[in-house]
Amino acid sequence: MRLSHYPINTVKETPAEAEVVSHQLMLRAGLIRRLAAGLYSWLPLGLRVLQKVERIIREEMNRAGAFELVMPVIQPAELWQESGRWTKYGPELLRIKDRHQRDFVAGPTHEEVITDIARRELKSYRQLPVNFYQIQTKFRDEVRPRFGVMRAREFIMKDAYSFHLDEESLREGYRAMYDAYTRIFTRTGLKFRAVRADSGAIGGDVSQEFHVLAESGEDAIVFSDADDYAANLEAAAALPPTEPRPAAREERRKVATPGARTIEDLARFLKVDPARCVKTLIVEGTEGAVVALVVRGDHELNQLKAQKLPGVASPLQLANAARVQAATGTEPGYVGLVGLECRIYADHAALALADFVCGANEKDQHLTGVNWDRDVPGATPADLRKVVEGDPSPSGRGRLKIARGIEVGHIFQLGRNYSEPMKALVLDEAGRETALYMGCYGIGVTRIVAAAIEQNHDERGIIWPDPIAPFQVVLVPLNLQKSDRVRAATDRLYAELTDAGIEVLLDDRDARPGVKFADAELLGIPHRLVVAERGLEAGRLEYRHRRDRESTEFPAGEALSFIRARLG
RNA sequence: CGGAGCGUGGCGCAGUCUGGUAGCGCACUUGCAUGGGGUGCAAGGGGUCCCGAGUUCAAAUCUCGGCGCUCCGACCA
């Protein structure tokens, strides 16, 4: 491809709208353009990257035996009413009406449609197991789209759905997708990690996420330093302390703590470690009453764990000030445990404390020397907190470390969550009707491109991993317009590499060297060849990988073999 | 949905407070020079100043209403 005829504009200045580096670089390099909030056009150069990612995905999905199909973006509301998600999904689901005032949705995902296909097409266990996938545009009306294509409203997703006669087959199919995903992300050239996850809104029992590791990632993932345990922070269990609780030594005392509403204030005021205080959070329960959740002062509540407890409203909702007042007799900031009437869940780490500090249920007052059995009988032990770095791994080996990641894939075992309400049934060997077991498997295709840049860039621009680079080689002739020798060598080289099937971007613009180098680095083409009078005098060309600091020279006649060796 | 901010050629911004000829840098076009790290000189093209209403002799500028966007939070995967 000749750059002089390629529709691309690079930009020196960073657009004001872009916050994260991948978004900035995608705009500056001319990969995408914004149409409206969370809506992006993919320009030709960006599309080349996208298609490389799609190709890898297709090859591996096909290799895993899945069948590609395409389903409509617009879906009738009836299907969503059948599955129950018409009411459950919330405002992220874009609902639209056609000219007859019939309700439709812009598909954020396709469980309903594929289940409809399954119940029509799959009649017999002989047709199972089967896996369908598509690569297609999804729409989720995000409250706050941000970070360019990383969290867009419209994005491209690879979604796959498998159907099985029984759980064992589902587990096999899930395992096959886990392996396919591992191959896919390995082939993109990105550093990634598979972690255990909570299955969230889509529902189901078992699920894992694939994260591209990047400092700027939105998600925290935890892993053991001693084995292969890895989980989303939300899904990581906190083990109860192994040491027994010390005996109570202090008497309970009420102390004045004017204005100390937060643990931080309290710890500073009383000159006590936050880890010797407890936080009491009042949340809405399921039957009108409130529930108290207790975590150690230096720990944070894990919302996901909390809302799974019996009697706690899901989604978790903190009680407002009036409800707190009614339940405790005081305002948030001074809520405590002694004499509290409602149900109390206490985190294991909080339960391990003796002689701790908590609110006194009285404004500007706290209690010290509080002890569980003596002062607060009847608290239910629970795992309530977010794990922190250094916690013992739930796997029993090693300690937890925390890293940042960008979620690019998610696989679920859905079981019969959709097939039962939507009556997707087949006949088994005995001729009995039985509901299908189902798995679903997503990859954020457009997000992979942004994640690749987050993980691979420097101050000059993008550094594409070879497998998804828009071009493999950028050919930079210097003084092309004036030097016949440079022109002849360039034309010959471009033809030779192109004929060999290598994707070459030839910068044949009448621009000065600095401009060409700067653009080549911004665009992030991994391999750069420079053709110049200086080298040609000695019969040599110049090569530099985007990650290299220095160029290397080699004989001009060996260009093809030299490059091939580097393309791997 | 709550808070903050922004809207002026394609991009980045000044001008708005204190009303009076719409400006700068980048990009783009043309010419000449230059040719190993965003080069120089010169000449050009391109703007309903987000929209609407109002005040005024006069509105980018003041007032009111609306729309759009960005960031933080809540929310969500």
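Just so it is clear, the model here is predicted, and its values are computed rather than measured. Chain identifiers are assigned alphabetically (A, B, ...) following the order of the sequence lines, protein sequences preceding nucleic acid strands; residue numbering begins at 1 within each chain. Just so it is clear, the values below take in all heavy atoms, side chains as well, and ignore hydrogens, waters and symmetry mates.
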With both distances kept under 3.5 Å, what pairs with [N], Watson-Crick or G-U wobble?
{"N": "B:rG54", "result": "B:rC62"}
{"N": "B:rG73", "result": "B:rC1"}
{"N": "B:rC24", "result": "B:rG12"}
{"N": "B:rC6", "result": "B:rG68"}
{"N": "B:rC32", "result": "B:rG40"}

Whole angstroms only, please: what is the [atom1]-[atom2] distance between [X] and [N]?
{"X": "A:R404", "N": "B:rA77", "atom1": "CZ", "atom2": "P", "result": "17 Å"}
{"X": "A:K138", "N": "B:rA77", "atom1": "NZ", "atom2": "P", "result": "17 Å"}
{"X": "A:L478", "N": "B:rG38", "atom1": "CG", "atom2": "P", "result": "13 Å"}
{"X": "A:R85", "N": "B:rA77", "atom1": "CZ", "atom2": "C1'", "result": "13 Å"}
{"X": "A:K12", "N": "B:rG38", "atom1": "NZ", "atom2": "P", "result": "9 Å"}
{"X": "A:R512", "N": "B:rC32", "atom1": "CZ", "atom2": "C1'", "result": "14 Å"}
{"X": "A:E550", "N": "B:rG37", "atom1": "CD", "atom2": "C1'", "result": "14 Å"}
{"X": "A:E13", "N": "B:rG10", "atom1": "CD", "atom2": "P", "result": "15 Å"}

Using the [atom1] atom on both, measure [N] against [M] and round to a whole Å.
{"N": "B:rG9", "M": "B:rU55", "atom1": "P", "answer": "28 Å"}
{"N": "B:rC50", "M": "B:rU16", "atom1": "P", "answer": "15 Å"}
{"N": "B:rU61", "M": "B:rA4", "atom1": "C1'", "answer": "23 Å"}
{"N": "B:rA27", "M": "B:rG12", "atom1": "P", "answer": "15 Å"}
{"N": "B:rA74", "M": "B:rG3", "atom1": "P", "answer": "16 Å"}
{"N": "B:rU48", "M": "B:rU8", "atom1": "P", "answer": "12 Å"}
{"N": "B:rG47", "M": "B:rC11", "atom1": "C1'", "answer": "14 Å"}
{"N": "B:rG52", "M": "B:rG10", "atom1": "C1'", "answer": "27 Å"}

At under 4.0 Å between heavy atoms, what does [X] touch on the DNA or RNA strands: base, sugar-phosphate, or nothing?
{"X": "A:R534", "result": "base"}
{"X": "A:R33", "result": "nothing"}
{"X": "A:R153", "result": "nothing"}

Of the candidate nucleotides [options], which contains the atom at the shortest distance from the side chain of [X]?
{"X": "A:R544", "options": "B:rA77, B:rG36, B:rG37", "result": "B:rG37"}
{"X": "A:D519", "options": "B:rG36, B:rG38, B:rC26", "result": "B:rG38"}
{"X": "A:K482", "options": "B:rG37, B:rU34, B:rC69", "result": "B:rU34"}
{"X": "A:E19", "options": "B:rC71, B:rU39, B:rA77", "result": "B:rC71"}
{"X": "A:R151", "options": "B:rG36, B:rC71, B:rC76", "result": "B:rC76"}
{"X": "A:V515", "options": "B:rG36, B:rC26, B:rG38", "result": "B:rG38"}

(message) If you apply the rule ring-ring contact (aromatic ring centres under 6.0 Å, His included), what do you find for A:Y178 with A:F210, and how did you get there?
(response) CA-CA 9 Å; A:Y178 179 93; A:F210 288 78; 5.5 Å; yes
(request) Take A:F147 and A:E533, find for each the nucleotide of RNA chain B with the closest heavy atom, and name the residue whose nucleotide sits nearer the 5' end. (result)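 Checking each residue's closest nucleotide, the 5'-ward one belongs to A:E533.
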(message) Which is more 5' along RNA chain B, the nucleotide nearest A:E521 or the one nearest A:E92? Just name the residue.
(response)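 It is A:E521, whose closest nucleotide lies nearer the 5' terminus.
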(request) Return the orientation label for the A:F471 and A:Y6 ring planes: parallel under 30°, perpendicular over 60°, tilted otherwise. (result)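 Correct class here is perpendicular.
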Do the side chain of [X] and the base of [N] come within less than 3.5 angstrom through a donor-acceptor pair of N or O atoms?
{"X": "A:E542", "N": "B:rG36", "answer": "yes"}
{"X": "A:D219", "N": "B:rA77", "answer": "yes"}
{"X": "A:R28", "N": "B:rG10", "answer": "no"}
{"X": "A:D510", "N": "B:rG35", "answer": "yes"}
{"X": "A:R146", "N": "B:rU70", "answer": "no"}

(request) Indicate whether OP1 or OP2 belonging to B:rC76 is found under 4.0 Å from a side-chain N or O atom of A:Q303. (result)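 Yes.
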(request) Tell me yes or no: between the side chains of A:H110 and A:K138, is some donor less than 3.5 Å from an acceptor? (result)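 Judged by distance alone, the side chains do pair up.
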(message) Between the side chains of A:R546 and A:D458, is the shortest nitrogen-to-carboxylate-oxygen separation below 4.0 Å, so that they form an ion pair?
(response)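 Yes, A:D458 and A:R546 are salt-bridged.
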(message) Looking at A:R175 and A:D179, is there a salt bridge between them, counting it only when a charged N and a carboxylate O are closer than 4.0 Å?
(response)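 Yes.
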(request) May I ask you to check whether over 12 heavy atoms, not counting those of A:E264, lie within 6.0 Å of atom CD? (result)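 Check fails, neighbour count at 12 or below.
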(request) Please indicate whether A:E537 has more than 12 foreign heavy atoms, meaning atoms of other residues, nucleotides or ligands, lying under 6.0 Å from its CD. (result)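 Atom CD in A:E537 is packed in, count exceeds 12.
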(message) What verdict does the side chain to side chain donor-acceptor pair (under 3.5 Å) test give for A:R95 and A:Y89, after you've listed the backbone C-alpha separation in whole Å, the side-chain angles of each residue and the deciding distance to 0.1 Å?
(response) CA-CA 11 Å; A:R95 295 148 212 259; A:Y89 209 95; over 6 Å; no
